[in-house]
2 protein chains.
Amino acid sequence: MKIEKEFITDEAKELLLTDSIILQAYNEVKTSICSPVWPMKSKIFTINNIEKNCNGVVPIKELCYTLLEETYNWYREKPLDVLKLEKKKGGPIDVYKEFIKNNDLKRVGMEFETGNISSAHRSMNKLLLGLKRGEIDLAVILMPIKQLAYYLTDRVTNFEELEPYFELTEGHPFIFIGFNAEAYDPNVPLIPKGSDGMSKRSIKKWKDKIGNK
Amino acid sequence: MKIEKEFITDEAKELLLTDSIILQAYNEVKTSICSPVWPMKSKIFTINNIEKNCNGVVPIKELCYTLLEETYNWYREKPLDVLKLEKKKGGPIDVYKEFIKNNDLKRVGMEFETGNISSAHRSMNKLLLGLKRGEIDLAVILMPIKQLAYYLTDRVTNFEELEPYFELTEGHPFIFIGFNAEAYDPNVPLIPKGSDGMSKRSIKKWKDKIGNK
DNA sequence: TATGGATCCATA
DNA sequence: TATGGATCCATA
């Protein structure tokens, strides 16, 4: 997979220039989102473009999550205190990591969005809530660009459709990343839809880490 | 239908106390959301509660829209300039009216939310964008409360599930209204799902008004 | 029961 | 093609 579009708020730009652990976080994210390949034994991600909406989305995230969790030690499903403890309502952040260096702690929350475009608004709002409440220091959303989304499940999140709303994150460190396949080819296998494509690998959840403390 | 929960930001409270046309808008909205009945010849809204998720949602909005459009002269599908003209991306606001009195113009944008809960985040974000850009002066979201939503299509918007995110609208005049059925009865007809329940009545669209100018 | 998601529909 | 929506699924 490759990164093709990006929007970085001024606050995030400033952090990337001045904070080496934030830069490390950003590099881990970029390496991870570029790691998915298709078909599985290929070196690049080639999407079947035989017709509109012909591919499912679930397996796309697989390798990215694996790298984040197993190589870079990010966690999955980190609850926000504001939702879990204070309001007792609302689910966790998709991916999360705490970076510590020289007594400086930086917490990064990320959402890998392949759900319906409306779901991306919830992801953005959740990360924004985490930023406003000071529970994370940087927010990231990963999503396909429109050109790729055309061949995925109808109405999945795409960079261009969320873009008009990026300005709602102004004043906060936020990074939006739009990824694309390296190649389009009607002869590669279709990505299965439905639960067939669901990975059975158990995920590295935040609550398991907490439980082990 | 009846109003059972409500959240009004400080800015909206202030407007309601000081601006008589905003108060009028609010009263029109309240009267309209209370107007739906079921079954159609009844005086109240009684929902079939035979089992979880047994009713569709589309016909619920019917009478509310009718009153807003035909009695109170609200319009449907008002585009925001920021989306339509500037960013050339994104759809219109669901319901809209301009109130004018003594040379004072107040524009109210509203969304009647019966889509998936994630869709309510988009509605909120769109109205917020309209407020931040100064294209509307008051935003309103209408949605079922959880108790009612339990008997509607799975995962439809409900007041309680959006509630943790209300604080993202702080600093702006925003009103959230949660409605409920007056009665629950397993013997009233189910509200049909799918397009069967879709009204064929043509709606009073903003662009038609503009076109007639 | 609660929650994020995945999928396809209807209309312009 | 673009966009809001309606519906049901999977998992905890």
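All values below were derived from every heavy atom in this structure, side-chain atoms included, with hydrogens, water molecules and symmetry-related copies excluded. Per chain, numbering begins at 1; letters A, B, ... match sequence-line order.
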How long is the line joining [atom1] of [X] and [atom2] of [N], in whole Å?
X	N	atom1	atom2	answer
Asp94(A)	dT11(D)	CG	C1'	14 Å
Lys78(A)	dA12(D)	NZ	P	19 Å
Ile191(A)	dT7(C)	CD1	P	10 Å
Met124(A)	dG4(C)	CE	C1'	17 Å
Asn53(B)	dC8(D)	CG	P	8 Å
Leu190(B)	dT7(D)	CG	P	12 Å
His121(A)	dG5(D)	NE2	C1'	13 Å
Arg76(A)	dA10(D)	CZ	C1'	14 Å

What contact category does [X] fall into here, base, sugar-phosphate, or nothing, at under 4.0 angstrom with non-hydrogen atoms?
X	value
Ser118(A)	nothing
Lys61(A)	sugar-phosphate
Glu113(B)	sugar-phosphate
Lys84(A)	nothing

If you assign each of Val57(B) and Pro92(B) to its closest nucleotide in DNA chain D, which residue comes earlier from the 5' end?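 Here Pro92(B) is the residue nearer the 5' end.
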DNA chain D: 5'-proximal contact among Ser119(B) and Lys52(A) (nearest heavy atom):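 Between the two, 5'-proximity favours Lys52(A).
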Would you give the length of the straight line joining atom CZ of Phe159(B) to atom CZ of Phe176(B), rounded to the nearest 0.5 angstrom?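 Answer for the CZ-CZ pair, Phe159(B) versus Phe176(B), is 8.0 Å.
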Report yes or no: is there a donor-acceptor pair, N or O only, under 3.5 Å between the side chain of Asn116(B) and the base of dG5(C)?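 Indeed, a donor on one side and an acceptor on the other fall under 3.5 Å apart.
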Side-chain donor or acceptor of [X] paired with backbone N/O of [Y] under 3.5 Å:
X	Y	answer
Asn158(A)	Pro144(A)	no
Glu4(A)	Phe179(A)	no
Glu113(B)	Thr157(B)	no
Lys126(B)	Pro92(B)	yes

If an axis is fit to five pairs at each end of the helix from dT1(C)-dA12(D) to dA12(C)-dT1(D), what is the angle between the two, to the nearest 10°?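 One end axis against the other gives 30°.
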Where along residues 141-162 of chain B does a heavy atom fall under 4.0 Å from DNA chain D? Thr153(B), Asp154(B), Arg155(B)
Of the listed nucleotides dA6(D), dA2(C), dG4(D), the one nearest the side chain of Lys89(A):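 Closest nucleotide among those given: dA2(C).
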Measuring from the side chain of Ser123(B) (C-beta onward, heavy atoms only), which nucleotide among dG5(C), dT7(C), dG5(D) has the closest atom? dG5(D)
Taking side chain as C-beta onward, heavy atoms only, is [X] less than 4.5 Å from [Y]?
X	Y	answer
Phe174(B)	Phe7(B)	no
Phe45(B)	Asn180(B)	no
Lys97(A)	Arg107(A)	no

Give me the atom names and distance for the closest heavy-atom approach of Cys34(B) to Ile3(B). SG-CG1, 3.9 Å
On DNA chain C, compare the nucleotides closest to Lys88(A) and Thr114(A); which residue's is nearer the 5' end?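 That would be Lys88(A).
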The side chain to side chain contact (heavy atoms under 4.5 Å, CB included) partners of Lys87(B) (sequence neighbours excluded) come to Pro164(A), Glu167(A), Val82(B), Arg133(B)
